[in-house]
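Please read the structure below before turning to the comments.
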Amino acid sequence: QVQLVESGGGLVQAGGSLRLSCAASGRTFSSYVMGWFRQAPGKEREFVAAIHWNDGRTLYADSVKERFTISRDNAKSTVYLQMNSLEPEDTAVYYCALNRGVILQMRSSNYDYWGQGTQVTVSS
């Protein structure tokens, strides 16, 4: 089993920044992808960014390109999401997830493990 624990959410003004963290523990895999998703009230969960744990390849949703950066610290088994130039539309619960594969995935259904989520609220 894999445990994913997010942290770093909070309230920030538009234009501000936050860094989310997701610490992974438990079972390990030889190759996997870590992703960030978000879900706003009344909306479906949407893809934000993903990173391949071994080679660092990344993938971003168009809505966050140039503003968000996903990275990982292999030694700490932690993935980060640096969010800059935040907008009220970024308000959501942010989830990290793990996919046991090599392909950067955008579909939430392709992820095998999920964290509990962390709330990000951007005020205008």
Side-chain angles (χ1 to χ4, degrees):
Q1 194 70 347
V2 173
Q3 292 79 42
L4 302 174
V5 180
E6 303 98 333
S7 61
L11 173 64
V12 64
Q13 288 189 330
S17 298
L18 280 175
R19 188 177 80 155
L20 305 183
S21 301
C22 174
S25 62
R27 185 179 176 184
T28 60
F29 305 97
S30 59
S31 179
Y32 55 97
V33 169
M34 295 294 295
W36 284 100
F37 289 78
R38 66 186 182 185
Q39 188 166 18
K43 295 188 177 181
E44 293 186 355
R45 190 168 298 188
E46 66 172 353
F47 171 78
V48 175
I51 187 166
H52 191 279
W53 197 258
N54 296 50
D55 60 26
R57 286 177 291 123
T58 59
L59 179 66
Y60 294 93
D62 288 343
S63 59
V64 306
K65 280 181 180 178
E66 310 300 332
R67 299 189 299 125
F68 291 10
T69 302
I70 189 170
S71 62
R72 90 280 195 212
D73 185 328
N74 296 55
K76 295 183 179 179
S77 298
T78 299
V79 62
Y80 304 98
L81 185 69
Q82 178 66 44
M83 306 185 294
N84 299 327
S85 303
L86 283 161
E87 304 168 352
E89 292 74 23
D90 296 316
T91 294
V93 177
Y94 283 70
Y95 299 89
C96 72
L98 184 149
N99 165 265
R100 296 173 296 173
V102 299
I103 299 174
L104 297 174
Q105 302 283 352
M106 297 181 70
R107 287 187 177 183
S108 60
S109 59
N110 288 334
Y111 285 78
D112 306 291
Y113 301 96
W114 290 84
Q116 82 289 349
T118 185
Q119 176 71 46
V120 171
T121 303
V122 184
S123 64
S124 57

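Atom set for the values below is all heavy atoms of this structure, side chains included, hydrogens, waters and symmetry mates excluded. Sequential numbering from 1 along the given sequence is applied to the chain's residues.
The closest donor-acceptor contact from the side chain of D112 to the backbone of R100 lies under 3.5 Å. Y60 contributes no side-chain N or O that, together with a main-chain N or O of R67, makes up a donor-acceptor pair within less than 3.5 Å.
Residues I103 and N99 approach most closely at O-OD1, 4.0 Å, considering heavy atoms. Contact between N54 and R72 at its shortest, heavy atoms only, is O-NH2, 3.2 Å. Looking at every heavy atom in both residues, A14 comes nearest to S124 through CB-CA, 4.4 Å. The minimum heavy-atom distance linking S85 with S17 is given by the pair N-OG, 4.3 Å. Nearest heavy-atom pair, T91 versus V122, reported as atom, atom and distance to 0.1 Å: OG1-N, 2.9 Å.
Rounding to the nearest 0.5 angstrom, the gap separating the CG atom in L18 from the CG atom in N84 is 9.5 Å. Between the CZ atom in R19 and the OG atom in S71 there is a gap of 7.0 Å [rounded to 0.5 Å]. The OG1 atom of T78 sits 8.5 Å away from atom CE of M34, with the distance rounded to the nearest 0.5 Å.
Using the six-membered ring where Trp is involved, W114 and F37 have ring planes that are tilted, between 30° and 60° apart.
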Next on the checklist: Run R57 and L104 through side-chain contact (heavy atoms from CB on, under 4.5 Å) and show every step you take.
Outcome noted: CA-CA 8 Å; R57 286 177 291 123; L104 297 174; 4.0 Å; yes
Next on the checklist: Assess the residue pair L11 and Q119 against the criterion (side-chain contact (heavy atoms from CB on, under 4.5 Å)); give the C-alpha distance rounded to whole Å, side-chain angles, the decisive distance to 0.1 Å, and a yes or no.
Outcome noted: CA-CA 8 Å; L11 173 64; Q119 176 71 46; over 6 Å; no
Next on the checklist: Show, in sequence, the C-alpha distance, side-chain angles and deciding distance for Q116 and E6, and conclude whether the side-chain contact (heavy atoms from CB on, under 4.5 Å) test is met.
Outcome noted: CA-CA 7 Å; Q116 82 289 349; E6 303 98 333; 2.8 Å; yes
Checklist entry - Do Y94 and R38 pass the side chain to side chain donor-acceptor pair (under 3.5 Å) test, and can you show the C-alpha distance, the side-chain angles, and the key distance before you say yes or no? => result CA-CA 4 Å; Y94 283 70; R38 66 186 182 185; 2.9 Å; yes
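Criterion: ILVMFWY side-chain heavy atoms under 4.5 Å apart, direct or through other members. Under it, I51 and V102 are not part of a common hydrophobic cluster. In the hydrophobic cluster analysis, where Ile, Leu, Val, Met, Phe, Trp and Tyr join through side-chain heavy atoms closer than 4.5 angstrom, M106 is grouped apart from F68. Grouping the Ile, Leu, Val, Met, Phe, Trp and Tyr side chains by contacts below 4.5 angstrom, directly or via other members, places V79 apart from F47. Taking hydrophobic clusters as Ile, Leu, Val, Met, Phe, Trp and Tyr residues chained together by side-chain heavy-atom distances below 4.5 Å, Y32 does not share a cluster with Y111.
When L20, T118, V64 are each tested for a side chain to side chain contact (heavy atoms under 4.5 Å, CB included) with L81, only one passes: L20.
With a 4.5 Å cut-off on side-chain heavy atoms, Y113 and Q1 count as touching. Side-chain contact between M83 and D90 is absent, with no heavy atoms from C-beta onward closer than 4.5 Å.
In this view, Y80 satisfies the ring-ring contact (aromatic ring centres under 6.0 Å, His included) rule with no residue, not counting sequence neighbours.
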